[in-house]
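All heavy atoms count here, side chains included; hydrogens, waters and symmetry mates do not. Note that the coordinates shown come from a computational prediction; the quantities given were computed from them, not determined experimentally.
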Amino acid sequence: KKMENRTNRVFDSCIDSALECSTGIEDKIAKAEMLILDDKFTPRDILVFKQQTLQFQRTINGVFPVLKQLMSECELPAQSEPMFRDVLDHQERLKFEIEFLHTDLNALFELHYSSAGHSANEQIKRLNMVATLVVPLAFWTGFFGMNFTVLPFDKPWFFGLAMLLMLVS
């Protein structure tokens, strides 16, 4: 009976410490979500979180078969069985929480790359604005920089039309 209580307490404390670890990883992910728009954040940080959750998942998944085997092979008294079932329920909850963390990390990856795409779009927009101003000026500068013997502006209306065309462009 003492052995059963100790075993139950050991597994229960393992699950409780795993819950604390899971909460710590969740907090890190929440901080990462706030930093994702900064240039300091890299996808490597997300990969580190993913590795931590995978290690965490492997650890938790190892507890389940051991508990199942203990419950099936040992004849547990009626009062001990609810305690073991409670530990199994906590382990199942942790399993779902880890799956949620994986989903959250995938969303974090997508958020990172979409924010990078957004900043690239903003840079392209600025580049297009500069090109809109510079390309017509470069064309007219190249046109008037050519060596003409006689410019085709001998008629005043043609000169006015050329100036209007340059302003419009």
Please examine the side chains of Gln57 and His102, heavy atoms only from C-beta on, and report whether any two atoms are closer than 4.5 Å. yes
Measure the shortest side-chain to side-chain distance between Leu165 and Trp140 over non-hydrogen atoms and say whether it is less than 4.5 angstrom. yes
Correct closest heavy-atom pair for Thr132 and Asn128 would be OG1-O, 2.7 Å
Report the residues that fulfil side chain to side chain contact (heavy atoms under 4.5 Å, CB included) with Arg44, sequence neighbours left out, ordered by chain and then residue number. Thr42
When clusters are formed by joining ILVMFWY residues with side-chain heavy atoms under 4.5 Å apart, either directly or through shared neighbours, do Met166 and Leu137 land in the same one? no
When you group the ILVMFWY residues by side-chain heavy-atom contacts below 4.5 Å and let the links chain together, are Leu105 and Tyr113 in the same group? yes
If hydrophobic clusters are built from ILVMFWY residues whose side chains come within less than 4.5 Å, do Val135 and Leu127 share one? no
Does Leu101 form a side chain to side chain contact (heavy atoms under 4.5 Å, CB included) with Lys50? I'd like the steps, not just the answer. CA-CA 8 Å; Leu101 287 174; Lys50 200 162 193 171; over 6 Å; no
Shared hydrophobic cluster, Ile98 / Leu54 (ILVMFWY, side-chain heavy atoms < 4.5 Å): no
Heavy atoms from other residues, nucleotides or ligands near CZ of Phe109 exceed 12 (cutoff 6.0 Å): yes
Point-to-point distance, once rounded to the nearest 0.5 Å, from CZ of Arg126 to CG of Asn121: 11.0 Å
Do you know which two heavy atoms are closest between Ala131 and Pro136, and how far apart they sit? O-CD, 4.1 Å
Atom CD of Glu122 and atom NZ of Lys125: how far apart are they, to the nearest 0.5 Å? 4.0 Å
Rounded to the nearest 0.5 angstrom, the CZ-OG1 distance for Arg58 and Thr53 is 9.5 Å
What's the verdict on side chain to side chain contact (heavy atoms under 4.5 Å, CB included) for Phe96 and Arg93, showing C-alpha distance, side-chain angles and the deciding distance? CA-CA 5 Å; Phe96 287 123; Arg93 192 175 94 209; 5.7 Å; no
